[in-house]
Amino acid sequence: DPAYYKWTQWIFLQIYNSWFNPEKKRAEPISTYQGEDPDSVRLAYVAEVPVNWCPELGTVLANEEVIDGKSEVGGFPVVRRPMRQWMLRITAFADRLLDGLEELDWPLSLKALQRNWIGRSEGAENEFRVAGSSRSDDRTPLRDLPVIRVFTTRPDTLYGATYMVLAPENPLVDEMVTEDRHRPVAEYRAQIAAKSDLERTDLAKEKTGVFTGAFALNPANDERIPIWIADYVLMGYGTGAIMGVPAHDVRDLEFARKFDLSVVPVVQAPGKTPEESIGYVEDGIAINSPLLDGLSREAATAKIIDWLEKNERGRRNVRFKLRDWLFSRQRYWGEPFPIVWRDGRHEALPEMELPLKPPALEDFKPTGTGEPPLAKAKDWIRYSENATRETNTMPQWAGSCWYYLRFCDPGNDRRFVGEESERYWMGGNDEAFPAKPGGIDLYIGGVEHAVLHLLYARFWHKVLYDLGQVSKPEPFQRLVNQGMILGEDNRKMSKRWGNVIDPLDVIEIYGADAFRCYEMFMGPLEQMKPWSMKGVEGVSRFLARVWRLMMTENQAGEWELSAAVQDVEPTKAQQKITHATVKKVTNDIESLSFNTAISQMMIFVNAFIPQRGTEAIPISAMHTFLVLLNPFAPHITSELWERLNSAGNITAQTWPVYDEKLLVEDEVEIVLQVNGKVRDRITVPLGATNAELEAAARANEKVRNALGDQTIRKVVVVPNKLVNVVGG
RNA sequence: GCCGAUGUGGCGAAAUGGCAGACGCAACGGACUUAAAAUCCGUUGGGCUUAAACGCCCGUGCCGGUUCGAGUCCGGCCAUCGGCACCA
């Protein structure tokens with residue numbers, strides 16, 4: 001709908017025309033940027049980077065859309081390939097996306113998934129000077145030596161760094177490698193380049209690597225350590241280079257053992273000798289580290305970072321696993337970018353030219369070459385004499401990043417959401433709802449969106465928040481994950497297993513009411529649970545019982561209102577069950593415990609059914625019941641509501657209220673226990689005193705038998721519930 | 001390896017620290033029917049004892065703890081599922 005994606009394109013332009021001010025830690029209009037090249041800091045930018053290319057889908061994919069080297073949609077192979085693509089600078093918001101989670105009422109597991117994906121690590125970046133490389137030798141002054149930066153979460157183990165490893169793809173390798181090591185290094189790099197991501201990350205495989213011939217100086221003690229390249233170091237994380245601390249890192253130890261590199265323990269494990277501490281990766285006491293000896297990990301870390309900073313050999317540093325969001329696709333069905341290219345530079349399309357509609361094409365299919373389908377529309381591409389349109393399109397996530405905002409004000413043609421509507425629905429505390437935290441009150445969705453939609457939408461929302469377009473920094477205040485419905489064989493529904501249940505087939509046989517009610521009756525909302533056709537049948541039977549509770553079939557085979565349904569006062573028992581049902585269903589809906597709400601309504605119907613013919617069914621109780629059941633089974637309850645000749649529309653009725661006084665029993669059953677074991681049950685009037693209950697228990701024959709010749713040491717009385725006689 | 005969930009009958013599941021298994025499915029028995037379907041009624045955790053009833057014992061993944069009392073709280077394991085993963 002162009003009236004919708006117009007605003008998706010508009011929001012993209014807001015992102016494009018913004019930058020992240022690191023001092024204020026927030027997005028600002030690009031006009032506030034003082035630097036030379038605004039294009040280098042925009043939140044939407046173009047970069048030539050190795051991307052996830054999926055030949056089968058004919059498009060590139062975001063990291064979040066690649067699972068185990070396969071596309072999230074369809075499961076097709078994905079390969080690394082350098083391409084020029086649009087990226088969104090989500091990494092600038094990594095800290096805020098992480099911190100923002102704290103305040104959210106989300107499942108802990110989901111927060112953990114996002115935290116994990118963002119992957120914040122605290123540590124230090126150390127500078128290793130390179131001596132004895134193709135660019136330097138022993139006579140080069142220290143300050144002129146090339147520098148390799150290395151990130152570590154364990155700066156306290158710096159003295160134990162006995163070698164260094166670069167990722168094979170690291171461009172620094174070319175600068176480091178010495179004449180005599182050229183061949184083996186080139187061969188190794190070629191060998192690694194030929195491997196797929198999957199092969200490379202196979203944990204089981206042996207460590208491989210080659211020496212570059214170059215040496216670095218350990219910044220802690222200026223000791224010469226060899227520089228290797230190995231594929232266990234990844235270009236995509238940190239700086240693409242590590243310091244090898246074999247004594248306290250299992251991977252480094254494996255590598256060092258294989259290539260006979262020296263291993264120096266610098267952390268002593270409790271109760272172990274230094275030699276025995278090799279392989280120990282937990283916190284311990286620093287040894288063999290002149291500046292740090294005797295310090296705990298915490299103290300050693302603080303001290304070495306101070307020292308590094310003072311000596312300009314390193315600094316405190318934080319790293320994230322989160323990468324920028326690859327935002328362009330080579331597909332027809334996506335929002336076209338509101339961008340034109342002129343003289344090799346991109347620029348924003350004027351707002352008044354939105355929506356930018358895609359051109360009509362004969363063939364929508366991906367080209368397969370990486371060239372977007374839109375590139376085929378030569379007339380459309382040509383924007384002016386010297387400018388052409390961007391031909392990539394946005395991913396499906398773009399539109400879903402802000403739809404909840406549009407829901408607040410769907411018809412607005414002047415803004416993506418009216419300011420007042422946005423404040424009303426998404427804003428926080430106001431006079432009417434003082435405790436409202438803002439954002440969407442309740443968002444129900446699957447966990448599969450953990451690091452896709454839920455991450456992307458939070459990011460967009462934060463940009464809009466910084467730009468003053470929305471009133472709260474988080475979009476989804478409370479979130480509940482509904483569990484996945486498995487096939488009847490308890491496996492994930494999939495064509496492969498032939499266990500897919502089509503809702504339409506179920507609705508065809510049992511109706512939408514039965515389908516809905518069964519889904520809610522199956523079990524707790526959040527839980528994964530298998531489908532059962534028999535279960536649907538059971539719920540369908542319940543709805544049929546509801547029908548027959550009020551309706552009878554006449555001689556002609558037509559359903560008519562049952563004669564038992566009368567305008568009479570409910571009996572005391574009927575009143576009690578009705579009020580109990582109102583209470584249970586109301587509370588269960590609040591807590592999203594729909595399964596037990598339905599159980600209670602089954603109990604209600606079971607309580608009324610046997611009385612048919614012998615006792616009148618009060619129409620008032622039926623009215624109450626139908627209103628309770630209406631959200632679960634809207635069709636049958638609407639029909640019955642009409643058949644009862646009730647006034648108004650059932651969906652417009654006020655929700656029933658219960659009277660706690662009517663739920664109180666006259667008599668209660670008291671459980672008698674001896675030493676915690678149930679021995680008897682007695683019925684006493686409500687409100688019997690503790691003394692009365694205790695006396696009744698002491699006098700009870702079964703209690704006395706169970707006690708035998710034990711003396712009573714203690715009697716615990718829980719009013720209206722239980723008496724526990726403790727003997728011994 | 002790290003993080004997170006979950007373990008209760010034949011099955012889906014209930015249970016503010018207080019009667020374990022509500023409700024439903026399945027199964028079995030019965031009523032209705034020429035018969036079947038549908039519907040209705042009843043039984044249904046395991047074991048021992050008994051002609052039967054009554055009665056008794058065991059039972060919420062395993063081991064321990066707290067408590068008058070634990071499916072529930074605490075500690076330690078085990079298993080299954082999900083996510084991340086040579087992340088430095």
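Per chain, numbering begins at 1; letters A, B, ... match sequence-line order.
- Here Q527(A) lies in heavy-atom contact (under 4.0 Å) with sugar-phosphate atoms only.
- The separation between L108(A) atom CG and G82(B) atom P is 20 Å, rounded to whole Å.
- One finds a side-chain N or O of N606(A) lying less than 4.0 angstrom from the OP1 or OP2 phosphate oxygen of G24(B).
- Distances were taken from every side-chain heavy atom of K702(A) (C-beta onward) to each of C81(B), U16(B), G55(B); the shortest belongs to G55(B).
- Protein atom CD of E553(A) is 11 Å distant from nucleotide atom C1' of A38(B), rounded to whole Å.
- Cation-pi geometry between K207(A) and F255(A) is not satisfied (NZ or CZ under 6.0 Å from the ring centre, within 45° of the ring normal).
- Checking C84(B), G83(B), U16(B) against every side-chain atom of L113(A), the shortest atom distance belongs to G83(B).
- For M601(A) and G24(B), the CE to P distance is 13 Å, given to the nearest whole Å.
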| Secondary structure of RNA chain B in dot-bracket form (Watson-Crick or G-U wobble, distances below 3.5 Å, | marking inter-strand pairs) | (((((((..(((.....[....))).(((((.......))))).((((......))))..(((((..]....))))))))))))....
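- The side chain of R541(A) contributes an N or O atom lying less than 4.0 Å from OP1 or OP2 of C25(B).
- Cation-pi geometry between R458(A) and W106(A) is met: the NZ or CZ atom falls under 6.0 Å from the ring centre, inside 45° of the normal.
- Glycosidic conformation of G9(B): syn, with the torsion inside 90° of 0.
- Ranking C68(B), A88(B), C86(B) by closeness to the K207(A) side chain, first place goes to C86(B).
- Screening residues 555-564 of chain A for salt bridge (charged side-chain N to carboxylate O under 4.0 Å, His left out) gives no qualifying pairs among residues at least two apart or on separate chains.
- Of all nucleotides listed (C19(B), C58(B), A13(B)), A13(B) comes nearest to the side chain of P524(A).
- For V716(A), taking side-chain heavy atoms from C-beta onward, the closest of the listed nucleotides G18(B), C84(B), A13(B) is G18(B).
- With C25(B), C57(B), A14(B) as the candidates, the nucleotide lying closest to the side chain of R679(A) is C57(B).
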